[in-house]
Amino acid sequence: MPKDAPEVKSASVRALGAEIVTYDRHKHDRESVVREIAHTRSLAVIPPYDDRRIIAGAATLAREAGLQAEELGADPDAIIVSFGGGGLAAGSCLSWKSMRSAAECWIVEPAGYDDTARSLKLGYRDRNSPGPKTICDALLAPTPGELTFEINSKHLSGVVVVGDDEVKAAMRVAATLFGIVVEPGGALPLAAVLSPQFDARGGQVVLVMSGSNVAPGLFGNAIESAPDLIR
């Protein structure tokens, strides 16, 4: 885990009995650190997103959402997911399109880490410049995965990029209107529909808001000081 990971996440991992090895995300390559540990201890490496099995597992989320929509008699126009390395998006796009080919699949990235938005325009995988700050600590992959980019570039309908203030506003809306505590990285889909970049009015949209590991101080700040973006 990166040294600057929120303590609430580190504490949860320790509570499950895991040993945490930290690294500096600005100086070290996570994959190299993991490969060294795996080699030294004869362990298997489970990629966080750039793996067919991980993508297949992520695909079950969109499938469940589609089945639940059918049970409710809903006909969603789109599904929106947060984007780091692309595993959740790739799986969601594949299963979503297989169930409702006309529905759209959108992703949301934090400002400063919008490598996929740039990569889609360029036609090849671009990297983020080192140094940008964001509260979305779960979405700081340096570049889209090779396999995930191949899938997402074929199936994505669009990308929304939001800043920290928009993320905080979405966290406040989730808490005050829906009673949901969501971490910054999980609040991006709601931030997208609260922004002028995605017009959800008159439609039905599935928002994937995953993760509630947020530091109390950050959550309190979001609730108290976030701008009102409800339109």
Side-chain angles (χ1 to χ4, degrees), residues 1-13 20-34 48-50 80-89 106-122 125-145 148-149 159-175 180-198 207-229:
M1 296 180 69
K3 291 181 178 179
D4 58 352
E7 177 55 30
V8 64
K9 292 189 176 182
S10 299
S12 296
V13 172
I20 297 177
V21 177
T22 60
Y23 73 99
D24 188 330
R25 72 165 88 235
H26 304 294
K27 296 179 180 180
H28 305 134
D29 176 63
R30 178 178 64 178
E31 294 185 2
S32 297
V33 174
V34 170
Y49 51 83
D50 211 20
I80 308 179
V81 302
S82 300
F83 197 98
L88 178 60
W106 285 67
I107 62 168
V108 198
E109 294 183 298
Y113 289 87
D114 53 339
D115 45 298
T116 299
R118 298 192 309 272
S119 298
L120 291 172
K121 293 179 180 178
L122 294 170
R125 294 188 298 147
D126 194 21
R127 297 186 68 86
N128 292 312
S129 300
K133 301 294 184 182
T134 177
I135 61 174
C136 301
D137 61 280
L139 305 176
L140 305 186
T143 185
T148 57
F149 183 68
V159 184
V160 176
V161 179
V162 295
D164 282 357
D165 283 346
E166 294 170 292
V167 174
K168 290 180 181 179
M171 292 169 65
R172 184 175 73 175
V173 170
I180 299 174
V181 176
V182 61
E183 65 185 74
L188 264 68
L190 181 55
V193 298
L194 293 174
S195 79
Q197 300 178 64
F198 188 94
L207 307 181
V208 178
M209 297 169 61
S210 60
S212 59
N213 295 303
V214 55
L218 175 57
F219 183 72
N221 176 264
I223 298 299
E224 294 175 3
S225 62
D228 186 359
L229 297 183

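Residue indices begin at 1 and follow the sequence shown. It should be emphasised that the depicted structure is a prediction, and the values quoted were computed from it without experimental measurement.
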Counting heavy atoms not belonging to Arg118, are there more than 12 under 6.0 Å from its CZ?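 Counting other residues, nucleotides and ligands, CZ of Arg118 exceeds 12 neighbours.
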Under the 3.5 angstrom rule, does the side chain of Asp115 hit a backbone N or O of Arg125 as a donor-acceptor pair?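 Pair absent, no side-chain N/O of Asp115 close to backbone of Arg125.
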Working to the nearest 0.5 angstrom, can you tell me the gap between [X] [atom1] and [Y] [atom2]?
| X | Y | atom1 | atom2 | value |
| --- | --- | --- | --- | --- |
| Phe83 | Cys136 | CZ | SG | 14.0 Å |
| Arg25 | Arg30 | CZ | CZ | 8.5 Å |
| Ser82 | Leu139 | OG | CG | 5.5 Å |
| Leu207 | Phe198 | CG | CZ | 8.5 Å |
| Thr148 | Asp50 | OG1 | CG | 5.0 Å |
| Tyr113 | Leu140 | OH | CG | 5.0 Å |

State, with a plain yes or no, whether a side-chain heavy atom of Val173 is found less than 4.5 Å away from one of Leu194.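 A side-chain contact under 4.5 Å exists here.
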Are the side chains of Ile107 and Ile80 in contact, using a 4.5 Å heavy-atom criterion?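 Sidechains of Ile107 and Ile80: no contact.
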Pair Arg172 + Glu224, salt bridge at N-O below 4.0 Å: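 No.
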Regarding Asp126 and Lys121, does a basic nitrogen lie under 4.0 Å from an acidic carboxylate oxygen?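 Looking at Lys121 together with Asp126, the answer is no, because their closest N to O distance does not fall below 4.0 Å.
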Minimum heavy-atom separation for [X] to [Y], with atom names?
| X | Y | result |
| --- | --- | --- |
| Pro144 | Ser119 | CG-OG, 3.8 Å |
| Leu218 | Pro184 | CD2-CG, 3.7 Å |
| Phe219 | Met171 | CD1-CE, 4.1 Å |
| Gly186 | Pro189 | O-CD, 3.5 Å |
| Val160 | Ser195 | CG1-OG, 4.1 Å |
| Ser12 | Asn213 | OG-OD1, 4.0 Å |

Partner of Val108 by side-chain contact (heavy atoms from CB on, under 4.5 Å), out of Val167, Val193, Leu188: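 Going through the options one by one, the only one that passes is Leu188.
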Could you list the residues that satisfy side-chain contact (heavy atoms from CB on, under 4.5 Å) with Ala117, not counting sequence neighbours?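 Partners of Ala117 under the side-chain contact (heavy atoms from CB on, under 4.5 Å) test: Glu109, Asp114, Val159, Val161.
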For Ala174, what residues pass the side-chain contact (heavy atoms from CB on, under 4.5 Å) criterion, not counting sequence neighbours?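 Checked Ala174 against side-chain contact (heavy atoms from CB on, under 4.5 Å); matches are Ile180, Val182, Leu190, Met209.
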For Val208 and Leu88: C-alpha separation, side-chain torsions, deciding distance, then whether side chain to side chain contact (heavy atoms under 4.5 Å, CB included) applies. CA-CA 10 Å; Val208 178; Leu88 178 60; 4.3 Å; yes
Side chain to side chain donor-acceptor pair (under 3.5 Å) evaluation trace for Thr134 with Asp164: CA-CA 6 Å; Thr134 177; Asp164 282 357; 3.0 Å; yes
